[in-house]
Amino acid sequence: MSAQRLVCGQREELLQALCCGGAAEGLESVLDLLLAWDVLVWEEYLGLRTLGRPLCACVRELLDLACVRGESACALLLAAISQVLPEAPKAGLSFGGYEQGLTPPLVGADPKSAAQGLMSDRPSLVRKLRGGIAAALKALLESGSFTAYDCDEVQLLLYTPSQQARRLLDLVHSKGEAAAEVLLQHIQQKEDSPTLPDNEEHPAECLLYQKKLRSTISAQSHFLGTYGGTGTQSLDEIYTEALLEVAQGSGEAQQPLGLEDILGQAGTLNEEADTVLVSGEAGSGKSTLLQRLHLLWARGAALQDFLFLFPFSCRRLSTEERELSLRELLFLHCCWPDRDQDLLFQFILDHPHRVLFTFDGMDELRLCFSDERRHCCPTQPALVPTLLFNLLQGSLMKGVRKLVTSRPEAVSPSLKRYLHKEVALKGFSADGIDCFVRKHHGDPTVAACVLDSLRANTALFGLCHIPVFCWIVSQCSRELLGCGDGRPQTITDIYLMVLQHFLQCRSPRRPAPSLCWVQDHVGTLMRLGQLALDGLESSSYVFSSIELQRCGVTEEDICTGFLIQSHNLSSPERKHYEFLHVTLQCFFAAVFIVLSNTIDQSTLAKLFRPQHRQDSILTRVCLGSCLSASSKQEGAPEGGVEEAERPNMRITATFVSGLLSQRHRHLLLQVCPAPAMDRKCRQVVRCLSKGMQKHFRSIPQPVKGEKKSMHAMPGFIWLIKCIYEMQESSIARDAVANLEVEHLKLTYLNIGPVECTALAYVLQHLRNPVGLQLDYNSVGDVGVEQLLPCLEVCHSIYLRNNNITDEGICKLIEKGVQCENFQKIALFNNKLTDACTKHFAELLKKRPDFLALRLGNNYITAAGAEHLAEGLKSCQSLQYLGLWGNKVRDRGAEALALALQSCSSLVWLSLVDNGIGSTGAHALAELIKNSNTLEELWLTKNCITREGVEYLLQALEKNTSVKSVWLKGNDLSPEEVEEFTQREKRLIF
Ligand code: ADP
């Protein structure tokens, strides 16, 4: 199809793709290319730029212009769009081959003058200048080509780095040939000795301030927060690497990241944005990770591109009610420069790329992110949230890197638009747990005992993937190793364990160990519980002495160690406190809710109220913040949770469920009458059941011919976790009694080992077998083990993209062989090697009704294929076999083909991208000859030559069942492709 028809026919789609997300960068890069390729002249180029005009209007004008210009302009427009746009907005657009096919006229031609060079090289010049605007301006200023006014105009903080680069090029263009020569010379010099300008000597004042900043940050981050009130554990001694990955949804395969990769290129979503988000559940180690980065920077061991690092705690920023300028924010909240404040601040403004801001705990801000109130002036005061939001979106201090941590639920779609990338913190790996426990216990014998007891209790081991739980379990090793009662299984169990541990070990009275320990400390529990709940209701995590007094908290209560002094906020005359960790605040709030007789039914109902839409939390949090924290506290009805923040309330509700379980009844009956506990327990069970029914009611009726399927929302997993905390089979059974689906989809829900334990506990009670789809989570080997109890009720299990290795598969198959419903498994994109194939062969031998095995994108080679073939020989049921993206090569293909010749059930076989040549194709041709069930054979992206295709073609002459053999991307010339297509329509190229 002609390029002109493609542009006109896809006008709407092209418009959408170029305006996608509202950023002008896509259009501007396309214009740069068209200018370089001589499709546009300078005046047209300037006319089409968006400055001050709606983006859509500019795109429409460009499309009109290309259509009027005719075929070659449209072809180059398509080529430019294809080059510039990322994959997602391009999907669905047709480029008709014009993306590669045309050689733009000016590419390669030598420009006649420096000014012309600026135009013909514009796209690469923009890229080169982006990170070095200040140095280029300096060169232009020194040569007299630019005035200070020109420099200011380029460096307007409102521009993105690319826009600054374009503005600079525009000005150089207007100044003429001499200025163009200076600029090109500067860029050339920079390329010849890349370290030159960025290593520019920094004023002595800057280095002095850097020294002070480093020593302040080093002192702040040397010790680990949780040990604050209780001991001196240095971060160096205890820090354990946690799992970091590019967040799901970026479309990239999961690759573990190191600390420095957080600010690296992998996983970039938006080049123009400066904010990197680290997201993770409460207790997954976000604050500790930042603390580690701060310490490494302060020591000169990491992030050395940044001359200054300014660390902020959102918890602390929430207490700041004054209006501040950016300058005050930096200097007052992080580190005060002893002198030369003006010079330092100017340096920071002039060198944004050498500055890093970190913001810990965005979820603890009272206001949700909003990009409605613009504030661009670094010296004008504004409220702290306004400053923060403008920094994150880039209206203020464009070019400064910002590293933000938050729980995933608290990241609004509007913030996502400004993210450079998102990294997910997944807690400890199994090895990480091992390492942490050994570091925590100086005595290797104790560490070994703790690890043994953890491994013997897989539910607890699963919980230890969350570092804060791992810390508690290690802290309570005495209880764990036999002094306490029962085997801890749930999150409530481990928080009760730490409660008992602290109350008995830290209390100044040091009571003798007693079975009535709850009764002994009921006063402390109620006072800390009231404080915790009041705090959650008003999104407060830091408490003044007055607030402590209001709840009657005593010195003795503080000595138990659950509250620690907030160092940054306390002064000798005004102390402030916070809970050791926010999850402990939730736990104390739950204890109060369960024990207090002032909590009424409506409070519990609100606590378990399902969250309908993400927006609703945000709206509530926003509305809540309009009232000042103190007025809310005074005005709120006792025990009310109306304004409370949902993610923390959900954790609290999980603890309430656990505390009301029969297993902990004996503890709490010491202080709470049985009828009151029974009433609360019945109400919680009713709420959970109602919540589940609500999810089931949302299941749509299946389309004719399709399975009835439920796609679960995050709230579903939370309900399941609450049910698990109750540890009563009858409650779990009743909860899923009405769930009648054939397929349960739980994809992209951040499901890790903890969630797997709860899921298996509940789903094992399903009446009818389901297909359990858990693709794109973080199940891992430990999660797989946790899922085993529900394998009985799974006819299929889908675990694509879940970091599973052969070890997990070995356990899964061992169990799967015994489960009579189990017929399908999909493990695309995990970490499987040849070692797992023996287990699959066993499964195929022992389960004569197994239907589908999909192992695509793993690390299986010819040896693995040979093992698999052993199992396939005797198999008469398998219909689908997927090995896409492995490396079985010819030898593997031969083994598989031979084994499958006797299989009278195979319908679909994929060996795409497996390094198979014509020898393998020969063997597969024999399979085609002998099979009368095979319908589709996928051999795309291999290295099959003409000879191999001839074998396949001959085999097809004798076969009527095969409908298609896919062969695109093999070693064939266009003529051969054409010829084979003519000879056999079932060969698809
Ligand atoms: P979050 O900020 O995600 O809520 P934290 O960083 O506060 O989690 O971690 C809670 C506790 O877990 C820490 O106080 C510490 O005891 C432990 N912890 C977290 N991450 C690590 C780590 N990487 N190494 C050692 N301990 C850790």
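This chain uses plain numbering: 1 for the first residue, then up along the sequence. Just follow the structure's listing: the first ligand is 1, and inside any ligand the first atom is 1. Values below: every heavy atom of this structure, side chains too, minus hydrogens, waters and symmetry copies.
- In the vicinity of W471, heavy-atom distances shorter than 4.0 Å reach the ligand 1 atoms 16 (O).
- A salt bridge links D434 and R455; the closest N-O separation between the charged side-chain nitrogens and carboxylate oxygens is under 4.0 Å.
- Numbered from 1 in the order shown, with element, the atoms of ligand 1 that lie under 4.0 Å from a heavy atom of I238 read 24 (N), 25 (C).
- For the pair L289 and ligand 1, the shortest N or O to N or O distance does not fall below 3.5 Å.
- Where the criterion is an N or O separation shorter than 3.5 Å, residue side chain and backbone included, S284 meets it with respect to ligand 1.
- The distance from ligand 1 to the heavy atoms of E281 drops below 4.0 Å at these ligand atoms: 3 (O).
- Atoms of ligand 1 found under 4.0 Å from any heavy atom of G283, numbered from 1 in the order shown, are 1 (P), 3 (O), 4 (O), 8 (O).
- For Q291, the heavy-atom gap to ligand 1 stays at 4.0 angstrom or more.
- Under 4.0 Å from ligand 1, not a single heavy atom of E241 appears.
- Per-residue contacts place F436 under 4.0 angstrom from the following atoms of ligand 1 (heavy atoms of the residue considered): 25 (C), 26 (N).
- By heavy-atom distance, the residue among L290, T288, T240, L235 lying nearest atom 23 (N) of ligand 1 is T240.
- A salt bridge links R299 and D236; the closest N-O separation between the charged side-chain nitrogens and carboxylate oxygens is under 4.0 Å.
- Classified by interplanar angle (parallel below 30°, tilted 30° to 60°, perpendicular above 60°), the ring pair F310/F308 is tilted.
- E422 and S279 share a donor-acceptor pair across their side chains, judged by distance under 3.5 Å alone.
- Using a cutoff of 4.0 Å between basic side-chain nitrogens and carboxylate oxygens, R315 and E578 are scored as salt-bridged.
- Taking only nitrogen or oxygen atoms, main chain and side chain alike, Y239 does not reach within less than 3.5 Å of ligand 1.
- Relative ring orientation between F312 and H333 is described as tilted, the plane-to-plane angle lying within the 30° to 60° band.
- Taking the six-membered ring for Trp and thresholds of 30 and 60 degrees, Y748 and Y776 have nearly parallel ring planes, at less than 30 degrees apart.
- Of all the atoms in ligand 1, the ones that sit under 4.0 Å from a non-hydrogen atom of L224 are 15 (C), 16 (O).
- For D305, there are no side chain to side chain donor-acceptor pair (under 3.5 Å) partners two or more places apart in sequence or in a different chain.
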